Amino acid sequence: MNTPAPTPYAALGGEAAVRRLVNRFYDLMDELPEAWAVRKLHPDSLDGARQSLFEFLSGWLGGPPLYVQKKGHPRLRMRHLPYAIGPRERDQWMLCMRLALAEEVADEGLRHALAEALQQLADHMVNVAPATA
């Protein structure tokens, strides 16, 4: 009998691990000067963003669908349309996420798979052309 593979949520370590990842991600966004463009898209307090990302990732990773229970379908692109997200903001978001993954996810295969999947999501959020000099 085959045992089903654990969800990414379970493989990460569940709620506490997802919360640590999200907290480290936003701490990095707040700390890194090279993440300034994406940080300025957020309000001064990142508390709401932390909670929303935690809830989204919980369900997206195969855990409890907290975001959907509160807000319905994520409709990520639509929800992000009010913000000018170009390649620079996407890349800065991914910089923070890759660093957070490197610090919080010990399993290299899982870390790589999550980084690739999150890159696809980040690519989908781009809604403005790159700035030209």
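Each residue takes its place number in the sequence, starting with 1. Small disclaimer: the values here were computed from a predicted structure and weren't measured.
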*How far does NZ of Lys70 sit from OG of Ser52, to the nearest 0.5 angstrom?*
7.5 Å
*asked:* Nearest 0.5 angstrom please: Ile85 CD1 to Gln92 CD, how far?
replied: 12.0 Å
*Between Arg50 and Asp27, is there a side-chain N and carboxylate O pair less than 4.0 Å apart?*
yes
*Short side-chain to backbone donor-acceptor contact, Ser58 and Pro64, under 3.5 Å*: yes
*Once you round to the nearest 0.5 Å, how far does CE of Met97 lie from OH of Tyr26?*
7.5 Å
*asked:* Taking the six-membered ring for Trp, are His42 and Tyr83 closer than 6.0 Å centroid to centroid?
replied: no
*Stepwise side chain to side chain contact (heavy atoms under 4.5 Å, CB included) test for Tyr67 and Leu57*: CA-CA 8 Å; Tyr67 190 94; Leu57 288 179; over 6 Å; no
*Taking the six-membered ring of Phe54 as reference, does the NZ or CZ atom of Arg19 fall below 6.0 Å from its centre and within a 45° cone about the axis?*
yes
*Check: Asp123 and Arg90 side chains under 4.5 Å, non-hydrogen atoms*: yes
_Can you confirm whether Thr7 sits close enough to Leu61 that some side-chain heavy atom of one is under 4.5 Å from a side-chain heavy atom of the other?_
no
*Do side-chain atoms of Glu89 reach the backbone of Gly86 as a donor and acceptor pair under 3.5 angstrom?*
yes
*Are Glu104 and Arg24 close enough for a salt bridge, meaning some N to O gap below 4.0 Å?*
no
*Identify the two heavy atoms, one from Pro74 and one from Val68, that lie closest to each other, and give their separation to 0.1 Å.*
CD-CG2, 4.1 Å
*Have Gln51 and Glu55 got a donor and an acceptor in their side chains that come within less than 3.5 Å?*
yes
*About how many Å separate CD of Glu108 and CG of Leu101, when rounded to the nearest 0.5 Å?*
12.5 Å
*Pro6 and Ala11: which non-hydrogen atoms are nearest, and at how many Å?*
CB-N, 4.4 Å
*asked:* Checking Trp60 against Tyr9 for the ring-ring contact (aromatic ring centres under 6.0 Å, His included) test, could you report, in this order, the C-alpha distance in whole Å, the side-chain angles of both residues, the deciding distance, and whether it holds?
replied: CA-CA 8 Å; Trp60 186 75; Tyr9 181 85; over 10 Å; no
*Are Leu12 and Val18 close enough that some pair of their side-chain heavy atoms sits under 4.5 Å apart?*
yes
*asked:* A side-chain contact here means heavy atoms from C-beta on lying under 4.5 Å apart; do Leu121 and Phe56 qualify?
replied: yes
*Distance from Asp91 atom CG to Glu34 atom CD, nearest 0.5 Å?*
12.5 Å
_Met94 side chain near Gln119 side chain, heavy-atom distance below 4.5 Å_ = yes
*Of the non-hydrogen atoms in Lys40 and Ala37, which two are nearest, and what is the gap between them?*
CG-O, 3.3 Å
*asked:* If you define the side chain from C-beta out and look only at heavy atoms, does anything of Phe25 sit under 4.5 Å from Leu99?
replied: no
*Shortest non-hydrogen contact from Pro43 toward Arg39*: O-NH1, 2.8 Å
*Would you find a donor on one side and an acceptor on the other, under 3.5 Å apart, between the side chain of His80 and the backbone of Leu76?*
yes
*Could you walk me through whether Arg98 and Arg111 pass the side chain to side chain contact (heavy atoms under 4.5 Å, CB included) test, one step at a time?*
CA-CA 9 Å; Arg98 287 183 191 283; Arg111 185 172 60 246; over 6 Å; no
*What closest approach, in Å, do Val126 and Val128 show between heavy atoms, and which atom pair accounts for it?*
CG1-O, 3.5 Å
_When you group the ILVMFWY residues by side-chain heavy-atom contacts below 4.5 Å and let the links chain together, are Met125 and Val38 in the same group?_
yes
_Rounded to the nearest 0.5 Å, what separates atom CE in Met29 from atom CG in Leu95?_
10.0 Å
*Which heavy-atom pair separates Leu118 from Trp93 by the least distance, and what is that distance?*
CD2-CH2, 4.3 Å
